[in-house]
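To find a chain, count down the sequence lines: A is the first, B the second, and so on, and within it residues start at 1.
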Amino acid sequence: MTSISEDTSASKEPSNTPKTQLDFIFYGRGSEFFGVWIVNVLLTVLTLGIYSAWAKVRTNRYFYSNTQLGEFRFSYLAEPMQILKGRIIAILVFGLFYLASSLSPIVNLIGAIGLVFLMPFLICSSLRFDMRMSSYRNVKFDFKGKYWDAFINFILLPIGSVFTLYLALPWALKRMDSFLIGNSYYGEKQFKPELSTGSYYLAALATIIITLILFAIFAVVLAATGSDIFNIAQAEGAQPEMSFAFIYIILLYILLISFVSAFYQAYIRNHIFKHTELEDVAEFDSQFDFVSLAWLQVSNLLLIVVTLGFAYPFTKVRLANYTIGRTDVIVLDNDTDVFDNIEQGNSAIGDEVANVFDIDIALT
Amino acid sequence: MVNISATLFRARSSRACSVSLSFSQNNCLIETENYTETIPIVDIRFRPGIGSSPHELSLPDGGLLSVPSKVELSPYWPRIAGDSLLTRFERSPIAWLFALVFIPFSLYVLINHVIPTAAKAVTPYVPQVMKAHIDNQALFVLDNSFLEPSLLTDEQKRSVNAIWSSTIKTVEQGESEFQLLFRQAGNFGANAFALPGGTVVVTDELVTLLSENPDALKGVFFHEIGHVKHQHSLQLISESAGTTLLLTYLFGDLEGAADLFVGSALTVIQNQFSQAFESEADSYAKYKLEQQGISATALADALLLIVGEQEASNSNKLSQYFSSHPSIKQRVEALK
């Protein structure tokens, strides 16, 4: 894997372009964002949710315009009304789906199948909206993924991999990431991922081994410390109910899942960034490591729980600092002009429907 | 006129150049060493920086001006006074304090009063067909997870059915909606539950436990019928749908594990509702039992037998929040 990366970087060398690593800094502060966030929540509650579209724009603008790459900040361009319209449609669709599916199992099934065919559309349109609303140096990003490509990569291959006993799943995951990144543009320049299938299999294998080891430790810890609590819970038998034992097990479980998912996330993100290039413009690097990432996620969750949610803005700023602090952008030529060729006028509909149905597609 | 230094990006280009800005009454003047441009202020879209991030000015031709946040630009765009008001709120500790008190309070009112009231208003209009569908679906899920087919003998079933029919006869209306089913429960233990359409399920364990005490079984039946009469499960379904929708809307962008936390908070809140439901079903049962000259202690006996006196005496505060039944002690007291 390392040899591949050396090979490709060597093949770029001949043109002998000077490389410059740009400073990548997040200027947001937890205390400052707390004010933005709490006013957002207050106005959202007071307007019974209508303000949430304005809140989303304000939050995104805060994070984008506090992120500085080289000498310049990013911008978030969406207008609240675009998002509000999308949300109204999303709520109507969500409400109808909920009502219909509680009416009968058959309608529920039809709705679920419809959702499967709707999903590739939602993925493409929400990514397109997000990218087109993001700009850097007055040049917008774009996403040009097609419906049927999304259908193959996000529906067909993952379902198909079930019939290979999930043996093909890492390959399918690699295809998904390649689809997401390879269809992304900055101005007219395309992002070019050269991901290795081997790395996805390695990541999957290591994740499974770590999961097994952690589950063994989980079982030992539970047997050593939890047996008494657990016995009491069983003695109560007559009424299965949430108790201390249940909370304890859930906490251990969250800890375990956080570690495992942090490992996979860190490994794959680093791989993607190391092997993606913005054609003729920039290379990337990422130094996530799984212990610090798991610690960040677990401590953020604890902060949110302990403060009943009020630490949320601080946890978001911590995450942004971590992400940006561990990402490098290396420009191949300092004087590249990147022209913008994107037409105006989109709606946020796809994005918002995806949000309400909780279909989470992460780029990293 | 004050000169402001800013960065200009021309339309469709990422090349940056430093410019100097100045404002007259109606116009904005953009100057570099070899170039000057005058643009009417009304044609420029001003987006004030949030916190300490730079202001952005979108020019009519698609160009972008980035101005440091220290520079005061709002006087030139008096129409967006709302934004500077927002900024003032965002920086004011008094506004924070108000929000810190007001947000939990209004969420509490919404979840505890507004949504339940709305749910109560909606449930009577749900048609019986839909409720019967819900029963079938719920039973299908339960049969495939917790419940096993009943192992009672035909004779046991016959005597329980006799008690059931004599109970049903006294229900004012809609007795055809009700049906009794037998299931074996395994871990679920001695219990009974009612589904919104009128399906009542008793576990073999409960039938065995109360075999010597037909009045107690009658009390349990009335309790379950009370749940159906008051549309409790339907109300719970509507409430959970409403609350989920509300919280998804407000905190839609929380990530995975935090979602779980919101979910368990919901369980706590909803279990508190259902404590009120239990009491309501108890008082229905009490009323019906006494109407037939049976003492309400019959139900109290059943409760004590089901839970075991031990748990009733040492139920603690925390488990009460997670438990769907109010402290058995309180319920037994209420029935006496």
Are A/F72 and B/F9, when compared by the centres of their aromatic rings, separated by less than 6.0 Å?
yes
Tell me if the aromatic rings of A/F26 and A/F63 count as close, with their centers under 6.0 Å from one another.
yes
Toward chain B, the part of [X] with a non-hydrogen atom under 4.5 Å:
X: A/Y62; result: both
X: A/S31; result: backbone
X: A/L77; result: both
X: A/F33; result: neither

Counting only heavy atoms closer than 4.5 Å, note whether [X] contacts chain A via side chain, backbone, both or neither.
X: B/F98; value: side chain
X: B/F102; value: side chain
X: B/S52; value: both

Under 4.5 Å, counting heavy-atom pairs only, tell me which of B/P54, B/S106, B/S66 racks up the most with chain A.
B/P54
Given 3.5 Å as the limit, does a donor-acceptor pair link the side chain of A/Y136 with the main chain of A/L69, or not?
yes
Below 4.0 angstrom, N of the basic side chain to O of the carboxylate: do B/R45 and A/E79 qualify?
yes
Not counting sequence neighbours, list each pair that qualifies as a salt bridge (charged side-chain N to carboxylate O under 4.0 Å, His left out) and has a residue in residues 33-45 of chain A.
none
Residues 84-103 of chain B vs salt bridge (charged side-chain N to carboxylate O under 4.0 Å, His left out), sequence neighbours excluded, gives A/R58-B/E90
